[in-house]
Amino acid sequence: GSLAAITGMGSPSPPDGAVSASSASSSSSTALPATNEEQPFEPEVSWPEFSAVFLVQPALVQIAIFLLAIVLRRIYEAGHKSYEECLLRCIGTEDRPPRSARFLIRLGVAEFLLSAISVGFWVQQMTPPHELPKHAGRFEVMSCAIFTLSYIVNFFRAELVPASIWHPSALVDVVTVVPVVMLTCSSEQQQEWPSLMYLRSYRLLQAWSLIQEHGGLSWVPEFALAVATMILRTLVLLVSMGGTVFVLEVLGELPSIRSAPTTHTAMGDLSFVQMLYWIMTTISTVGYGDYTPKTALSQLFVSLFIVSGVAFFSVETRRLMELSRTLDQGRGQFYHSAIQRRSDRGHIVILGRAVGDGGALVEKLLEELLHPDYEESPGWPEVVLLSEGPIDTVRERLRQHFPSRARRRVTLLVGSALVAADLQRVLMDECDLLYVLPDMLSEDIGLEDRRSISRVFAVKRYFPRVRVRLVLCGGSLWTDSKHLATSVGVKPERVLSVNDLKAGIFATSCRVHGFMPLLVNLLSCASRDLAQDETQVNRAGGQQTPSGSEVGRSPSTRGSLAAAAHLTKATPRTLYEDSYSRLSPQTAVSDADDQALAEYKTGARNKIFGFVLGDIALFKGGSSVAFKDLVAWAFKEHGVIILAVQRQGALVLAPMHSKCVLDEVFLCITEDVNRLASMSRSGADWRQVFVANRERYLYGGDYASRIGN
């Protein structure tokens, strides 16, 4: 009847003066859109106002903090050791916990409570009449102070790395704290809603993780803790997504999108953005029903799209899960990182049965390759560990003994050196160096050595120009194994025997008393450990630090030189603790013990350094100087003991009667690397010169393009 009344067709006209109920109703219903036309939604807060307070100002503050972080990082690197010691004592780092986690646990509890209250206030503020309790403003200011403290603590725990301020938790702090501070300091009354305080729900989850990480929830049963964590994550996800959509709906359309033209269709007034939204909800089988196709062809195609979408998402999800499982099992492929590509450096490959076991041999080698002293210059290399078995043990040892920034330089893969495809996966043709490490606990060391040699033979067969360092178990068949290794293309000086090295060190220790402590001290950085132990001993024995001692103030220098430090478990710190573990306040320390302790600490501070000889006063216009004269002069003038010089690519120990010339590479023992400044050629890196001389002698310049590596 309404349709007939509107169109005037399909029913007879009523008599004059008579009006049917249906026509009257139809007339009123048709007249309603003309008189009450739907008006566009006008938000109470405009996008420009919201953006200025909650987006633009935090973005400017974030950029300023980033620039400040770059400066602070350089200051931290200049005094790395002293600052690191302070961090470990107070708040720890991301990879090493503090000595006492009480402060971090209390800070996490405060963050958790304040975040929960802030989210509750935000929910109340979003409800009409959009007002907060009387003291909510003071609470927000106080909470901002706590979150600012947490922001600073997290920044220092990340060791002032500028990239850490782009972490999601840091960004949440900026976009929630800065607007509160700006509105508090502003004299103008500005609309404070809608705000982004709901994002503090993410800080709720971060605070929970911080408390759990440092043992604050150790009293909670494991299953109950897992359930609570799952519930918390679900709530955070709901609040974050729901709050984002709510704020966007309150603000309305962006002015640029609102003015975009739409096309009138049977489905309504549509734009391409609306069609993207609708097709996504349709093929993902969500289907809100706010739009429906009207034409027969569009309905047919949409039916095909739904079937295709379900199949597409199923296939892609399964593919991603399979890829994730493959990568987790180490069946992926190695790729150079962006940093490595820019530096034009190769990578290092380590393979052999020792890799799968994750023993001390691999661990000590990685400690040398990824030592903190090399992080900035010349820079850490990328390391590929190719294991013949599962990599779970190796991954766990890496997580326990290496910081996250070092672990990012290590790639774990599973494969065999005897398979060409596995060698291609590690980019063997592009690697700078290959280490082949045996299983030192093998019952048949002869068989283990032959297996290692067969791995080298397979690699050399496919990639003959790869540089190899082969480590063998040695033993009674050492001579035969070394001869076999050289027959497959390994230089004799590149074949090492661990057991023979152990026996040689043991024999030398029997002939030269104190040789083992000397070796350990030279190949380790013990200054900080000795400084800590010295404080403990002084407290126990009531003794003062010997006058003139500079323990703990020597700069960060060479660090852990020994890739074979697994030969002994003794370190300067353990030797020191063993010698003085029984000291008590009543223990008397004699002058002889005090002198011996001072001498020990003085020796422990010395390390091995290299340098390129510069134009020193000893030459007196000549072109050469006797090695013995150089040794005497260096010790007298600078307290430096010169040990060896590089000749014909190799190191020569103490050639007393030979002549030394400019730009030769020397190794020496000293306490402070700064003592070599007046003896070294300015701007010369002795490592690069050493490698260049060695490659020039061994390969006749074939490796000239790789001298920098």
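Computed from a predicted structure; not experimentally measured.
- Tested against Leu107 for a side chain to side chain contact (heavy atoms under 4.5 Å, CB included), the candidates Leu149, Asn154, Ile211 yield a single pass: Leu149.
- Here the side chains of Leu366 and Leu385 are in contact, with some heavy-atom distance below 4.5 Å.
- Contact between Gly415 and Arg425 at its shortest, heavy atoms only, is CA-NH1, 4.2 Å.
- Residues forming a ring-ring contact (aromatic ring centres under 6.0 Å, His included) with Tyr198 (at least two apart in sequence, or on another chain): Trp122.
- Under 4.0 Å is where a charged nitrogen must lie from a carboxylate oxygen, and between Glu368 and Lys364 no such pair does.
- In this structure, Asp328 has no side chain to side chain donor-acceptor pair (under 3.5 Å) partners at least two apart in sequence or on a different chain.
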- request: Walk me through it: do Val245 and Met241 pass the test side chain to side chain contact (heavy atoms under 4.5 Å, CB included)?
  value: CA-CA 6 Å; Val245 175; Met241 293 184 175; 5.7 Å; no

Only pairs under 3.5 Å count here: list side-chain donor-acceptor contacts from residues 137-146, not counting sequence neighbours, and write none if there are none.
residue, atom, partner, partner atom, Å
Glu140, OE1, Arg200, NH1, 3.4
Ser143, OG, Phe139, O, 3.2
Ser143, OG, Glu140, O, 2.8
Ser143, OG, Arg200, NH1, 3.3

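- Side chain of Arg157 to backbone of Thr93: a donor-acceptor contact under 3.5 angstrom is found.
- The shortest non-hydrogen separation linking Ala354 to Leu361 is CB-CD2, 4.4 Å.
- Between Ile391 and Ser387, the closest heavy-atom pair is CG2-CB, 3.8 Å.
- At least one side-chain heavy atom of Met197 sits under 4.5 Å from a side-chain heavy atom of Val180.
- To the nearest 0.5 Å, atom CG of residue Leu427 and atom OG1 of residue Thr411 are 10.0 Å apart.
- Side chain of Ser218 to main chain of Gly215: a donor-acceptor pair is present (N/O by atom type, distance under 3.5 Å, no hydrogens or angles).
- Residue Leu412 holds its CG atom at 5.5 Å from CG of Leu398, rounded to the nearest 0.5 Å.
- For the pair Met428/Cys431, a side-chain contact is recorded, criterion being any heavy-atom separation below 4.5 Å from C-beta on.
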Name the atoms and distances for all side-chain donor-acceptor pairs under 3.5 Å in residues 289-296, with sequence neighbours left out.
residue, atom, partner, partner atom, Å
Asp290, OD2, Tyr277, OH, 2.7
Tyr291, OH, Gln274, NE2, 3.4
Thr292, OG1, Lys294, NZ, 3.3
Thr295, OG1, Ser298, N, 3.3
Thr295, OG1, Ser298, OG, 2.7

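- Put simply, CG on Leu320 and CZ on Arg318 are 11.0 Å apart, with the number rounded to the nearest 0.5 Å.
- Remark: Glu363 engages Arg397 in a salt bridge, criterion side-chain N to carboxylate O under 4.0 Å.
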Show me the donor-acceptor pairs, under 3.5 Å and distance only, between side chains in residues 225-239 and residues at least two apart or in other chains.
residue, atom, partner, partner atom, Å
Thr229, OG1, Trp208, NE1, 3.1
Thr229, OG1, Leu225, O, 2.8
Thr234, OG1, Met230, O, 2.9

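- Formation of a donor-acceptor pair under 3.5 Å by the Glu382 side chain with backbone atoms of Arg408 is not found in this model.
- No side-chain donor from either of Ser169 and Gln206 sits under 3.5 Å from a side-chain acceptor of the other.
- For Arg319, the side chain to side chain donor-acceptor pair (under 3.5 Å) test picks out Glu316, with sequence neighbours left out.
- What you find for Thr393 and Gly356 is that their closest heavy atoms are CB-O, 4.4 Å.
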Residues 300-311, side-chain donor-acceptor partners within the protein, below 3.5 Å, at least two apart:
residue, atom, partner, partner atom, Å
Ser303, OG, Gln299, O, 2.9
Ser308, OG, Leu304, O, 2.9

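- Applying the salt bridge (Lys or Arg N to Asp or Glu O under 4.0 Å) criterion to Arg399, with sequence neighbours excluded, gives Glu396.
- Counting only distance, with no hydrogens or angles, the side chain of Ser115 and the backbone of Phe112 share no donor-acceptor pair below 3.5 Å.
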query: Run the side chain to side chain contact (heavy atoms under 4.5 Å, CB included) check on Ile350 and Leu386 step by step: do they pass?
result: CA-CA 6 Å; Ile350 304 175; Leu386 184 62; over 6 Å; no

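- The OG atom of Ser118 sits 11.5 Å away from the CG atom of Leu199 when rounded to the nearest 0.5 Å.
- Looking at residues two or more places apart in sequence or on another chain, you find no salt bridge (Lys or Arg N to Asp or Glu O under 4.0 Å) involving Glu222.
- A donor-acceptor pair is defined here as one N or O able to donate and one able to accept, closer than 3.5 Å; such a pair exists between the side chain of Thr281 and the backbone of Trp278.
- No side-chain heavy atom of Arg331 sits less than 4.5 Å from a side-chain heavy atom of Leu413.
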message: Set out, in order, the CA-CA distance, both residues' side-chain angles and the distance that settles side chain to side chain contact (heavy atoms under 4.5 Å, CB included) for Arg409 and Leu370, then state yes or no.
response: CA-CA 8 Å; Arg409 294 285 186 160; Leu370 303 177; 4.2 Å; yes

Criterion salt bridge (Lys or Arg N to Asp or Glu O under 4.0 Å) on Glu159 and Arg405, from CA distance to verdict: CA-CA 11 Å; Glu159 300 183 68; Arg405 63 183 187 278; 2.9 Å; yes

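- Taking both residues in full, the closest heavy atoms of Ala158 and Ser164 are given as CB-CB, 3.5 Å, listed atom of the first, atom of the second, then distance.
- Residues Met275 and Ile279 have side chains not in contact (no heavy-atom distance under 4.5 Å, counting atoms from C-beta outward).
- The main-chain N or O of Arg353 is never found under 3.5 Å from a side-chain atom of Asp439 such that the two would form a donor-acceptor pair.
- Using a 4.5 Å cut-off on side-chain heavy atoms (C-beta onward), Ser195 and Phe50 make no contact.
- Pairs passing the salt bridge (charged side-chain N to carboxylate O under 4.0 Å, His left out) check and including a residue from residues 170-184, sequence neighbours excluded, read Asp173-Arg203.
- Residues Leu351 and Val384 are not in side-chain contact: their nearest non-hydrogen atoms beyond the backbone lie 4.5 Å or more apart.
- With rounding to the nearest 0.5 Å, the separation of OG1 in Thr176 from CG in Leu171 is 10.5 Å.
- The stretch residues 148-172 participates, sequence neighbours left out, in these ring pair (Phe, Tyr, Trp, His ring centres under 6.0 Å) pairs: Phe66-Trp166.
- Residues that satisfy the side chain to side chain donor-acceptor pair (under 3.5 Å) test with Ser100, not counting sequence neighbours, are absent from this structure.
- Atoms CG and NE2, from Leu369 and His371 in turn, are 11.5 Å apart once rounded to the nearest 0.5 Å.
- A heavy-atom distance below 4.5 Å is not found between the side chains of Thr285 and Phe313.
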query: Between Ile165 and Ile65, is a side chain to side chain contact (heavy atoms under 4.5 Å, CB included) present by the stated rule, with each step listed?
result: CA-CA 8 Å; Ile165 69 171; Ile65 294 175; 4.1 Å; yes

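- His214 and Ala101 get closest at one heavy-atom pair: CB-CB, 3.7 Å.
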